[in-house]
Amino acid sequence: MTDLKSLRGMVDLLPSEIKRWQNVESLARQHFDRAGLKEIRTPILELTELFARGIGEGTDVVGKEMYTFSDRGGRSCTLRPEGTASVARSVIENGLLNNGPQRLWYGGPMFRYERPQAGRQRQFHQLGVEFVGLESVLSEAELISIAWDFLKLVGLKGVKLELNSLGTNEDRSCFRKQLKVWLEKKYELLDKDSKQRINVNPLRILDSKNPNTQKLLEDAPSLNEFLSDKSRERFFYLQELLHQLSIPFEVNHKLVRGLDYYSHTAFEITSDQLGSQATVCGGGRYDGLISDLGGGNTPSIGWAIGMERLILLLGDSFTNKDVPCVYLIHRGSNTDGVALDVARKLRFAGIPIELDYSGSTFSKQFKRADRIGAQWALIIGEDELSKEIVMLKKLHSSSSDSLTTQFSFNLNEIDNLITFLKN
RNA sequence: GCGGGCGUCGCCAAGUGGUUAAGGCAGCGGCUUGUGGCGCCGCUAUUCGGGGGUUCGAAUCCCCUCGCUCGCCCCA
């Protein structure tokens, strides 16, 4: 075995699993098209500063998970750890908002330098939607429904939508102060991680998975209590709309997402089948992001789905194997050119066909045709060549009589063969 | 960054100190020099992730290292 291997956490998508990716991707494209979203593709590599400023210096993503390096010109570059900051940058840079609010989707690889485990890789793929320049609760409800409906469309079951409102920046900073005061009183009872977090990002302690900490937090002040009337109204209206859409959800006041830019609505769609990486889809409102990056004041909201996690959850449900229609068997001097030419003609006519290269015995070539599951074998040997015909044989047919399963066609009238195969 | 588990052929594996490292799948060849699915026969690891050590003798024991995997943290 070679000692050249893919880097840790970078995985190959092999031919045997690519079909389900293509299926999910094509359903996504269809679904987003129908919702009137436009695709956007941004570079995988950006200036480090974009993420540092956009995502937040205090976040884990920026603090310890970025793939950062200097390019030959000495610029600090980073492989994108998520899509939102790049999309925001592109929207600003290209002045897209001059054409009104942007309803966008994107997909592609993201990079985070973490220890891989189930449902987590260093290079992974996200599918995301961003509504840039839209403030209404109605647009939020639609954005969430687009995610929910997509997951239903691909056949995902057993997922849960959790919802929270983080309020405005003012609501949150007020809450942050109160929470900090409360936490400091209980400092000695906190777990190690939470103790460290108390100054950096106390809100995230709410998210702690430590059971003792969670127990302690039952009496903690709730973000909910600090929401302004306006924030509270928004949140209730969103819930009302989701009810009308019959999209089930749970309000989780402890749902605090890890990236700094969220405000008001935050949500997650989770599955209990994913091991500890339960989130399939996460998103929220990021009203401050665009202005933080130098654009105008632009309310926005978005989400991202983890493709690997989604595909993991879908399991084998998407693996309808595509079998080649025709396998072209040929043997004998001078059959190479004719065989290749016939193959091309069938392909032009839209018939999937594979050519045997081996030159081994007909018996072997038939075995191969059978193994790959071809429906038809097309045979060109020296006899056929001299008579200018090809033989067609139906595979997977009853073994009783093979004579009835053979057909012949003049090479010059390959159209007959094409017509026959198409029926 | 910190824990647990694991590394024997392309894949799945048996083997837990004694001289030739089972078996299955896949691959290749043959039985069958031009007709598949079944069957039968043969071939395919001087080597057990790598490096040291112990021993007359190691895939099997010890040390180091690398990799994979699961979990913590965090996220999609």
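Predicted model, so just to flag it, every value in this text is computed and none were measured. Letters go in sequence order (proteins before strands), and every chain restarts at 1.
- Taking atom CZ on A:R115 and atom C1' on B:G5, their separation rounds to 13 Å, with Å as the unit.
- Residue A:R371 places at least one side-chain N or O under 4.0 Å from the OP1 or OP2 atom of B:G27.
- With hydrogens and angles ignored, a donor-acceptor pair closer than 3.5 Å exists between the side chain of A:E384 and the base of B:G34.
- Within 6.0 Å of CG in A:N334 there are 12 or fewer heavy atoms belonging to other residues, nucleotides or ligands.
- Atom pair A:R368:CZ and B:U35:P shows a separation of 16 Å (rounding to whole Å applied).
- Within the 4.0 angstrom heavy-atom criterion, no nucleotide atom of any strand lies near A:E308.
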Could you list all N or O pairs between the protein and nucleotides 39-44 of chain B that sit under 3.5 Å apart?
none

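- Inspection of the A:N169 and A:R172 side chains reveals an N or O donor paired with an N or O acceptor under 3.5 Å.
- Looking at heavy-atom distances under 4.0 Å, A:A369 makes no contact with the nucleic acid at all.
- For A:E413, the side chain to side chain contact (heavy atoms under 4.5 Å, CB included) test picks out A:N410, A:N416, with sequence neighbours left out.
- Residue A:R8 places at least one side-chain N or O closer than 4.0 Å to OP1 or OP2 of B:C68.
- Using a 4.5 Å heavy-atom threshold, the side chains of A:R234 and A:R285 count as touching.
- A salt bridge is defined here as a Lys NZ or Arg NE, NH1 or NH2 lying under 4.0 Å from an Asp or Glu carboxylate O, and A:D341 with A:K345 meets this definition.
- For the pair A:R103 (side chain) and A:L134 (backbone), a donor-acceptor distance under 3.5 Å is absent.
- Across B:U55 and B:C41, the matching P atoms stand 46 Å from one another, rounded to whole Å.
- Residue A:G282 is classed as a sugar-phosphate contact, given heavy-atom separations below 4.0 Å to backbone atoms only.
- Side-chain N/O atoms of A:Q117 include one lying less than 4.0 angstrom from OP1 or OP2 on B:G71.
- At a threshold of 4.0 angstrom between heavy atoms, the contacts of A:E382 include nucleobase atoms, whether or not backbone atoms are also involved.
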